[in-house]
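Computed from a predicted structure; not experimentally measured. Numbers here simply count residues along the sequence, with the first being 1.
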Amino acid sequence: MKSLIISADNFEDSELLVPYYRLKEARVEVDVPSKKPGTIKMKHGYEVAVDKILNDVNPEVCALLVLPGGKAPDKVIHSVLNNCA
């Protein structure tokens with residue numbers, strides 16, 4: 001099984017890390033894509049590596065999607081909408 005945790009800068013730490021590690025414990029493959037390569041910063045300053053950019057994601061091969069809270073979901077939605085225009 002494959003999952004995506006899509007986020008951007010300023011996400012709530014526990015809302016990404018808890019599902020990430022729980023899925024890993026369950027032996028679920030987890031990708032963390034974002035709108036740009038590199039890292040994304042958590043609300044409290046820590047960083048998480050980005051596996052791929054959103055344009056490279058194939059949603060048809062994923063069984064689960066997680067969108068952490070904070071200000072990140074709004075950034076992700078605007079990024080996707082801007083790419084569709």
Side-chain angles (χ1 to χ4, degrees):
M1 179 187 297
K2 189 169 187 169
S3 64
L4 295 173
I5 301 179
I6 298 176
S7 195
D9 289 332
N10 208 20
F11 61 89
E12 181 59 46
D13 304 31
S14 63
E15 291 184 27
L16 186 143
L17 295 177
V18 170
Y20 178 86
Y21 287 112
R22 294 299 302 185
L23 290 165
K24 289 286 196 179
E25 288 171 0
R27 299 178 194 245
V28 174
E29 185 180 343
V30 181
D31 283 339
V32 181
S34 191
K35 60 184 184 173
K36 60 182 181 171
T39 60
I40 48 177
K41 286 188 179 182
M42 298 181 211
K43 188 175 181 180
H44 300 286
Y46 298 101
E47 295 182 349
V48 172
V50 172
D51 296 319
K52 57 181 75 173
I53 59 172
L54 289 172
N55 292 343
D56 295 338
V57 172
N58 179 2
E60 294 179 14
V61 300
C62 297
L64 178 67
L65 172 63
V66 177
L67 292 172
K71 295 182 180 177
D74 189 48
K75 291 179 184 180
V76 170
I77 290 168
H78 286 306
S79 174
V80 170
L81 291 176
N82 288 338
N83 287 336
C84 292

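- Ala63 and Met1 make their closest contact through CB-CG, 3.7 Å (heavy atoms, listed as atom of the first residue, atom of the second, distance).
- The cluster map of Ile, Leu, Val, Met, Phe, Trp and Tyr, joined by side-chain heavy atoms under 4.5 Å apart, puts Tyr21 and Val30 in the same cluster.
- For the salt bridge (charged side-chain N to carboxylate O under 4.0 Å, His left out) test, no residue two or more places apart in sequence or in another chain qualifies with Glu60.
- Ser34 contributes no side-chain N or O that, together with a main-chain N or O of Ile6, makes up a donor-acceptor pair within less than 3.5 Å.
- In terms of heavy-atom proximity, Ser3 sits nearest to Val28 at OG-CG1, 3.7 Å.
- With hydrophobic clusters built from ILVMFWY side chains whose heavy atoms lie under 4.5 angstrom apart, Leu16 does not share a cluster with Val18.
- Annotation: side chain of Leu4 is in contact with side chain of Pro33 (closest heavy-atom distance under 4.5 Å).
- Taking every heavy atom of both residues into account, Ala49 and Thr39 meet most closely at CA-CG2, 4.1 Å.
- No continuous path of ILVMFWY side-chain contacts below 4.5 Å connects Leu67 to Ile53, so the two sit in separate hydrophobic clusters.
- Separation of atoms CG (Leu17) and CD (Glu12) is listed at 9.5 Å; rounding is to 0.5 Å.
- With values rounded to the nearest 0.5 angstrom, His44 atom NE2 is found 9.0 Å from Asn10 atom CG.
- Here the closest non-hydrogen pair linking Lys36 and Asp9 is NZ-OD2, 3.7 Å.
- The cluster map of Ile, Leu, Val, Met, Phe, Trp and Tyr, joined by side-chain heavy atoms under 4.5 Å apart, puts Tyr46 and Tyr20 in the same cluster.
- Applying the salt bridge (charged side-chain N to carboxylate O under 4.0 Å, His left out) rule to Asp31 yields the partners Lys2, Lys52; only residues at least two apart in sequence or on another chain are considered.
- By the 4.5 Å heavy-atom criterion applied to side chains, Met42 and Val48 are counted as neighbours.
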